[in-house]
Amino acid sequence: MSNDPSMAPRVPPGQIVTQKFPVMTAGTPRTASKEEWSLTLDGEVLNPVVLDWTTLNDLPFRDFKTDIHCVTKWSKLDTVWRGVDIDVLVDLVQPSPEARFVLAKADGDYTANLHLGDLTGGQAIVATQFDGKPLEPAHGGPVRLVAPRLYFWKSAKWLRGLHFSQSDYKGYWEKLGYHNYGDPWKVQRYR
Ligand SMILES: Nc1nc2c(c(=O)[nH]1)N[C@H]1C(S)=C(S)[C@@H](COP(=O)(O)O)O[C@H]1N2
Ligand SMILES: [Mo]
């Protein structure tokens, strides 16, 4: 074993790198067009906001290059996304200091629970583009969460809301027995 950080493994335990981009979807949700789409930012916040496609696109965008890790054991390296940093959305709504949890809500009644601290500090975005192109519907277009600090089930496709609260409400897979936190580096796949 070495303490040299450059020797740290790139891929979490048990993961296999793929060049493909598998589509992983529970059910067949009816998803929104750009015109129908909106994002509700609410809960324990000073300034609840509903963004539509136009108001989202008025916010500052950035590129986000990251590795993603699916609980079914594929990892994809150096994926390139573009969207609005969660820090921008947090500045907008100003969650109360007690609101440490976020429930991501998506079309098709899909939800995923996260710690706010795993979304902030440049760690996550609300993405509208993958690989320089508009996000394909199968991968969550028009808009999805990309929160790669955790297994990729946390990155809700067809994102429609972020609910900030002091309570941690379990999401879709978390209720069905997936790990509540889902750290790929700690192999937190199931409860
Ligand atoms: N709304 C929604 N988001 C979702 C899912 C889903 O079924 N519905 N699947 C999750 C899972 S398990 C994974 S691994 C990733 C897969 O994203 P991809 O289909 O773009 O690879 O999306 C996550 N987000
Ligand atoms: Mo997944």
Side-chain angles (χ1 to χ4, degrees), residues 8-34 36-37 39 53 56 61-86 89 102-115 118-119 122-163 169-191:
R10 175 79 184 267
V11 179
Q15 297 294 115
I16 296 160
V17 173
T18 180
Q19 307 300 321
K20 295 186 209 135
F21 193 178
V23 170
M24 312 290 288
T25 301
T28 46
R30 201 197 76 82
T31 62
S33 64
K34 282 178 189 168
E36 296 166 316
W37 180 85
L39 183 67
W53 180 253
L56 179 79
F61 272 52
R62 75 165 179 106
D63 295 322
F64 184 37
K65 191 186 213 183
T66 186
D67 301 344
I68 56 179
H69 311 293
C70 174
V71 71
T72 63
K73 302 195 173 176
W74 57 268
S75 289
K76 192 170 170 62
L77 307 182
D78 292 328
T79 59
V80 179
W81 306 84
R82 190 169 171 77
V84 176
D85 203 294
I86 299 294
L89 302 180
V102 175
L103 189 66
K105 300 179 176 186
D107 283 322
D109 292 327
Y110 189 88
T111 50
N113 54 317
L114 304 105
H115 289 205
D118 291 315
L119 294 173
Q123 297 186 91
I125 69 168
V126 161
T128 64
Q129 289 184 33
F130 175 76
D131 238 355
K133 293 183 281 292
L135 188 56
E136 284 175 26
H139 288 297
V143 180
R144 81 175 297 166
L145 180 64
V146 179
R149 162 77 187 90
L150 302 162
Y151 280 124
F152 210 40
W153 88 72
K154 299 280 188 181
S155 294
K157 305 195 280 189
W158 313 294
L159 186 69
R160 296 299 296 271
L162 295 174
H163 184 82
Y169 301 106
K170 282 194 190 336
Y172 177 85
W173 284 117
E174 293 81 4
K175 279 186 210 153
L176 291 173
Y178 279 33
H179 198 280
N180 194 55
Y181 188 63
D183 184 341
W185 297 97
K186 295 184 178 158
V187 201
Q188 295 174 337
R189 299 182 196 277
Y190 310 104
R191 243 187 288 139

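Computation of the quantities below employed the complete heavy-atom set of this structure, encompassing side-chain atoms and omitting hydrogens, waters and symmetry-equivalent molecules.
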Between Y181 and D118, is there a side-chain donor-acceptor contact under 3.5 Å, judged purely by atom types and distance?
yes
Could you measure the distance from the CG atom of N180 to the CZ atom of R191? Nearest 0.5 Å is fine.
7.5 Å
Value for NE2 (H163) from CG (N113), rounded to nearest 0.5 Å, stands at 12.0 Å
Side chains of Y178 and K170: does their closest heavy-atom pair fall under 4.5 Å?
no
Is the backbone of S155 close enough, under 3.5 Å, to the side chain of R144 for a donor and an acceptor to pair up by distance?
yes
Before accepting this row, confirm whether a basic side-chain N of the pair R10/D78 lies closer than 4.0 Å to the acidic partner's carboxylate O.
yes
Just wondering, more than 12 heavy atoms not from E36 lying within 6.0 Å of its CD?
yes
Is there a side-chain contact between W173 and Y190 in this structure, where contact means two heavy atoms from C-beta onward sitting under 4.5 Å apart?
no
With a 3.5 Å distance limit and no angle check, can you tell me whether Q15 reaches the backbone of C70 through a side-chain donor-acceptor pair?
yes
Please check this pair: side chain of W37 against backbone of L159, looking for a donor-acceptor N/O pair closer than 3.5 Å.
yes
Smallest heavy-atom separation, P29 atom then G108 atom, equals CB-CA, 3.7 Å
Taking all non-hydrogen atoms of both residues, which atom of P184 and which atom of G182 are closest, and how far apart?
CD-O, 3.2 Å
I'd like to check I125 versus V84 (side-chain heavy atoms, cut-off strictly below 4.5 Å). Are they in contact?
no
Interatomic distance, CG@D63 vs CG@D85, rounded to 0.5 Å, equals 11.5 Å
Pair V146, F64 - check side-chain contact (heavy atoms from CB on, under 4.5 Å), show working.
CA-CA 9 Å; V146 179; F64 184 37; 4.0 Å; yes
Could you check whether any side-chain N or O of T111 sits under 3.5 Å from a backbone N or O of Y172, counting only pairs where one atom can act as donor and the other as acceptor?
yes
Any side-chain heavy atom of I68 within less than 4.5 Å of one from W74?
yes
Looking at every heavy atom in both L39 and G161, which two are closest together, and how far apart are they?
CD1-N, 3.3 Å
Which distance, rounded to the nearest 0.5 Å, do you find between the CG of L150 and the NE2 of H69?
10.5 Å
4.5 Å side-chain heavy-atom contact, K105 and L162:
no
Decide side-chain contact (heavy atoms from CB on, under 4.5 Å) for Y151 and T72; before the verdict, give the C-alpha distance in whole Å, the side-chain angles of both, and the deciding distance to 0.1 Å.
CA-CA 9 Å; Y151 280 124; T72 63; over 6 Å; no
Does K76 use its side chain to pair, donor to acceptor, with the backbone of Q19 at less than 3.5 Å?
yes
Do the side chains of H179 and E174 get nearer than 4.5 Å, heavy atoms only?
no
Is the shortest side-chain N to carboxylate O distance from K157 to D107 below 4.0 Å?
no
Would you confirm whether D131, through its side chain, and K133, through its main-chain N or O, come within 3.5 Å as a donor-acceptor pair?
no
Taking the side chain as every heavy atom from C-beta outward, state whether V143 and L135 have any pair of such atoms under 4.5 Å apart.
no
When you check the side-chain N and O atoms of T79 and W81, is any donor under 3.5 Å from an acceptor?
yes
V126 side chain near I86 side chain, heavy-atom distance below 4.5 Å:
yes
Donor-acceptor pair, distance only, cut-off 3.5 Å: does the side chain of R149 make one with the backbone of A124?
no
Which value, rounded to the nearest 0.5 Å, describes the distance between T66 atom OG1 and Q123 atom CD?
9.5 Å
Once rounded to the nearest 0.5 Å, what's the spacing between atom CG of L103 and atom CG of L114?
8.5 Å
